[in-house]
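Each chain gets a letter, A, B and so on, in the order its sequence line appears, and its residues count up from 1.
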Amino acid sequence: MSATLRHAGYVLRGNPVTLVAGFGASLLIVLAIFGPSLVPHDPVASNVPNALLPPSARYWFGTDQLGRDVFSRVIAATRLDLLIAASAVSLSFAAGATIGAFCGYVGGQLDRWVGRLVDVLMAFPLFVLAMAMVAAFGNQVENIVIATAVINLPFYIRFARAEVNVRRNIGWVEAARASGNSHAQVVLRFLLPNILPAMAVQISLNLGWAILNAAGLSFLGLGVRPPTPEWGILVAEGARFITTGKWWLVTFPGLALMLAVLCFNLLGDGLRDILDPRMRT
Amino acid sequence: MAVLRSIGRRLWQRLLASLPALFGVAVFTFLLMRVLPGDPAVFFASGPNAGQEEIEQIRREMGLDKPIPVQLVNYLADLAQGNLGRSMSTGQPVAADLERRLPASLELTLCALILALSLALPLGILAALRPNSLIDHGVRLLCTLGVCMPTFVSGLLLIFAFYYLLGWAPDPTGRLDVFVSTPPEVTGFLLVDAALVGDWEAWIAAASQLWLPAATMALFVLAPLARMTRASMLAVLTSDFIRTGEALGLSRRRVVLVYALRNALLPVITIMGIVFSTMLGANVLVEKVFSWPGVASYALDALLASDYAPVQGFVLLMAMIFVMVNLVIDVLYGLADPRVTVG
Amino acid sequence: MTAPLLSIEDLHVSFATRHGVVEAIRGISLSLAAGETLGIVGESGSGKSVTSLAVMRLLDRAGRITKGRITFRGEDITRASRRILQPLRGAAMSMIFQNPRAALNPIRPVGLQIADVLRAHEPLSAQEARARALALLEAVRIREPRARLDAYPHELSGGMCQRVMIAMAIACEPALLIADEPTTGLDVTTQKTVMDLLAETTARRGMAMILITHDLGLAAQYCGRIAVMERGKVVEEAAPRRLFGAPQHPYTQRLVAASPTRDSTVASLVGETETEIPAAPPLPAPAATRGGRLLAVRNLVKRFGGTTAVNDVSFHLESGESLGLVGESGSGKSTLSRLICRLIDQSSGSILFDGAEIGALPARNFHQSLHRRAIQLVFQDHGESLNPRFSAFDSIADPLQRLAGFGRTPALRARVEECADRVGLPRELLHRFPHQLSGGQKARVGIARAIACRPRLLVLDEPTAALDVSVQAVILALLDRLRREEGLSFLFVSHDLNVIRMMCERTIVLQTGQVVEEGPSGRIFAAPQAAYTRELLEAIPHFEPDVAEAVGV
């Protein structure tokens with residue numbers, strides 16, 4: 001374990017971007033937990049006389065059409081956005097890794113069919129699929145989570161399947177079987193620990209994608225509804241005022257979205273370097 | 001000749017293989033309709049005050065009183081005849097609505113794709129040819145930031161910059177300024193139609209409306225395309241056969257353009273399918289931002305109005321386009337890579 | 001003496017790596033006259049390939065010539081620009097590589113690739129270039145050359161790809177041809193035809209050749225002069241007879257001693273370096289006295305899809321015996337070893353182990369069988385056969401925990417350490433992970449794991465194929481000793497006939513899934529019956545002076 005930490009330290013020293021990304025991701029999580037109690041203004045209370053003020057010392061990110069503080073709303077939205085993304089990704093990771101690893105190890109006809117199905121699914125316009133699902137199941141937050149999880153699922157299945165597949169006949173798996181390990185032991189003790197690092201990278205990258213998807217759905221008016229603060233909705237509300245030059249309504253929630261996705265993406269790239277055992281010395 | 005025959009055979013096999021996928025989507029949309037809240041018969045009744053009797057009659061007419069398998073067969077039979085039902089909001093057959101609006105969506109998507117490719121490929125190649133140079137770092141930064149930028153935000157910011165601040169773009173609503181007369185419809189693609197009749201005023205008007213949404217969507221797929229091009233070009237440039245070419249004195253031009261690039265494009269062709277389908281998804285967002293009269297905004301409006309037939313039709317249409325795009329990509333790949341064999 | 005074609009003076013090359021600058025070449029000087037054939041031999045990491053790439057100026061970005069001079073035809077090309085090098089490459093000096101299939105552009109017909117080289121140096125029309133390419137394919141004796149012009153590399157065998165590569169390299173009649181491990185990865189019979197072609201072509205066209213190889217026999221048979229490299233330096237340079245007859249440098253002496261020949265024994269390979277090994281009793285081993293039939297295979301068949309990998313194979317193995325399985329790629333020897341280890345199911349036939357029909361139990365349930373611990377396996381690629389997330393200790397402990405009922409107890413540690421001692425693996429390496437171990441150390445871990453549960457039958461699948469000869473010698477000696485001391489039976493799979501002859505009392509020759517010859521190793525090697533066996537034996541290159549002379553070099 002200490003070797004891993006030492007290696008992580010080594011990689012981070014040579015790669016400060018990952019360190020910054022890790023710091024950013026931690027900050028996001030802190031904001032998600034404590035954000036709503038830290039904000040300077042009530043994120044939902046309207047104050048019409050102060051409507052549509054540009055950014056100032058009092059309202060850092062300006063105010064919206066109902067006079068609500070955009071800064072407070074952006075901070076308060078962190079919790080919901082991260083929660084949606086994290087739940088969706090955990091759901092699809094748990095289901096996808098299991099299905100994928102199982103199919104990849106068993107191989108044969110089942111594996112081939114699952115593989116083909118996943119390929120077809122992945123090339124399908126998944127965002128459209130998510131829209132249709134939210135429409136069918138009802139316009140609620142839980143359904144955004146489910147829809148996002150479902151459209152992430154093929155990526156995990158394919159990933160776990162491919163990772164297990166290349167290792168299925170590798171020497172150490174055959175050696176494990178010759179050493180008397182049962183199939184469950186081979187998968188759990190040998191294969192999964194070896195593919196987890198790569199999966200961690202995938203999870204981090206997918207978190208970013210899930211945030212974008214969820215925000216996209218709410219931007220369209222699906223799922224989360226106003227006045228709940230959520231980045232996609234904040235952008236959607238601000239969109240009406242962009243042609244009249246009220247840039248702050250769109251820019252700040254948009255930046256928040258972008259930074260969140262950026263953090264998780266960079267973190268994923270950094271994790272790839274840290275967890276790759278071949279690069280450890 | 002053998003190559004063409006092999007591709008033809010492959011095409012046919014792929015077409016057959018995609019039938020189950022299309023069938024699956026059709027069944028899926030049918031089930032979607034069944035789990036949707038509300039009774040279609042109630043929606044189709046003349047008004048909210050329609051009597052129970054009238055609803056029952058509509059139900060019988062629509063076949064909703066029959067068992068679900070029978071309904072499914074009827075539904076599939078309708079689909080086979082191109083009957084996608086009727087939209088409540090427009091009162092038109094869904095198929096007709098989609099047909100009218102499809103060119104707008106396709107024109108936007110194709111322009112965006114061409115724009116993205118013509119930027120992403122040179123950037124990716126240049127970055128790979130000069131690793132760790134200024135252009136490489138620039139491309140990598142662009143790729144990193146590009147995948148983080150939500151389409152709807154970049155679209156709105158582009159509107160702010162080019163319409164509000166600079167005034168380089170017209171009012172971001174629709175395909176054509178209301179004061180410009182629409183060229184006679186031939187293909188439905190405004191740029192093509194205007195060029196066909198030589199109406200350059202309309203062409204410029206259409207192009208000026210198109211470029212901003214197209215740029216928005218191009219930005220969205222630019223990053224993954226450039227990243228893929230760079231990565232595969234880098235991988236190919238270190239491969240053995242490039243070293244062979246160098247060792248036997250081929251010119252740099254030939255090594256890069258004929259030996260490296262053609263091989264590097266193979267993985268790019270394979271991800272084109274995924275890129276195109278993410279663009280179809282992003283279409284929904286871009287069409288909403290720019291009030292673009294395409295199929296996606298049509299489906300979205302219907303969806304928000306609980307008008308489900310257009311949504312089903314839209315999903316099926318996307319599935320069909322997706323099958324066709326994948327066939328095209330298959331053909332391209334078959335032409336590009338002789339190692340592909342049937343099966 | 002006229003000016004040499006190529007001269008290398010005090011060449012230094014270093015590589016920038018994650019761990020700082022590594023000196024790959026530390027001052028070598030070589031020279032080559034026109035029409036001469038120079039062999040450069042050495043083990044992995046000796047810098048022999050880097051030398052050739054430096055001469056062609058093809059080092060990748062990380063590599064840099066830090067000192068020294070390369071002169072080609074009197075012209076200093078050490079720092080020459082691309083503009084000067086490009087006309088030279090292919091036309092005056094060219095190169096062929098290991099792994100010919102990867103060295104060809106996968107999506108371009110081979111005829112066009114040859115034409116590309118021609119047209120890079122001569123003003124030819126497409127038709128003229130095509131005609132010349134056809135003539136070249138004929139010159140490298142490819143069957144149906146006209147049809148092959150439009151073939152893609154994946155449609156050709158490895159040997160044919162290397163012929164195409166040779167055709168490209170000689171297309172513009174260069175004065176120097178560098179062949180970097182041209183036959184590594186090819187079967188021994190293919191190796192012979194490719195090398196004969198190379199030798200003949202260069203001789204006929206008066207080309208000088210540098211042959212880079214790890215195989216002493218190959219260098220001795222085809223080169224007029226040989227340079228031996230060790231860790232970036234040339235330690236000895238001489239004509240093959242002198243070099244192998246009376247090696248001067250200690251490294252050359254070790255290398256020559258470690259290379260198997262037609263009459264070396266396991267003990268003689270190691271020489272005096274590993275003194276703790278007692279002098280081996282002459283083969284056959286005393287095990288024959290123990291007797292009893294351990295393994296009997298009857299009519300074994302394995303089909304994969306439409307192809308039959310193992311076709312009606314029957315043989316038996318006595319307790320304490322060592323049986324060799326010899327064959328080229330595609331002979332089904334690896335499939336056979338996995339069938340007997342019960343990792344895959346046979347299509348038909350029976351496998352009797354110690355009188356019990358183990359073939360009846362499906363492979364997927366075999367880990368529950370009582371016989372599991374009695375049949376163990378040693379793999380070819382030791383890097384791939386160790387779980388990257390397990391330390392050496394974990395890898396050796398795993399079978400003990402699964403099959404011998406050890407818990408996480410001091411007894412387990414004691415047994416693992418005992419196994420490590422048995423295979424000569426220092427105990428302090430037990431906590432290391434595979435990527436922190438050398439090839440030889442990984443091989444020892446793999447062997448320790450296999451003997452941990454005291455098996456009766458050890459199936460060895462090319463256990464030394466991926467190792468350098470000096471490491472191979474030590475591992476072979478270790479295996480031989482273990483066999484005698486632990487009372488093991490070996491099923492020894494290899495493509496290397498000399499290794500089989502030393503390690504096994506009896507040998508089976510396989511070809512395309514069928515047994516072509518079976519008998520005592522001594523008899524098979526002295527008087528082969530089957531034509532295929534004779535062909536295999538004749539294809540082995542020898543470096544011993546007397547034999548080389550007999551062959552007529």
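Separating the CZ atom in R175(B) from the CD atom in Q209(B) is a distance of 10.5 Å, to the nearest 0.5 Å.
Residue contact with chain A, scored on non-hydrogen atoms closer than 4.5 Å, is absent for I271(B). Heavy atoms closer than 4.5 Å to chain A are found nowhere in F276(B), neither backbone nor side chain. Contact annotation for T278(B): neither backbone nor side-chain heavy atoms come within less than 4.5 Å of a heavy atom of chain A. Contact annotation for L266(A): only side-chain heavy atoms (C-beta onward) come within less than 4.5 Å of a heavy atom of chain B. Of the atoms belonging to A319(B), heavy atoms from both backbone and side chain fall under 4.5 Å from chain A. Both the backbone and the side chain of L156(B) come within contact range of chain A, each with at least one heavy atom under 4.5 Å from a heavy atom of that chain. Heavy-atom distances place no part of L117(A) under 4.5 Å from chain B, backbone and side chain included. Looking at V325(B), there are no atoms closer than 4.5 Å to chain A (heavy atoms on both sides), in backbone or side chain.
In terms of non-hydrogen atom pairs under 4.5 Å with chain A, the most contact-rich of L165(B), V311(B), V284(B) is V284(B). With chain B as partner, the option from N265(A), T244(A), T251(A), V134(A) having the largest number of non-hydrogen pairs under 4.5 angstrom is T244(A). Interface summary for chain B: among L259(A), T243(A), L257(A), the most heavy-atom pairs under 4.5 angstrom belong to T243(A).
Put simply, the side chain of L267(A) does not reach to within 4.5 Å of the side chain of C263(A), judged on heavy atoms. A 4.5 Å side-chain heavy-atom check between I144(A) and T148(A) finds at least one atom pair inside the cut-off. At a threshold of 4.5 Å between non-hydrogen side-chain atoms, the residues D171(B) and Y163(B) count as touching.
Side-chain atoms of W247(A) never come within 3.5 Å of backbone atoms of I242(A) as a donor-acceptor pair (strictly under, hydrogens ignored). Checking side-chain atoms of S204(A) against main-chain N and O of A200(A) turns up no donor-acceptor pair under 3.5 Å.
With no hydrogens or angles considered, a side-chain donor-acceptor pair links D111(A) and N165(A) at under 3.5 Å.
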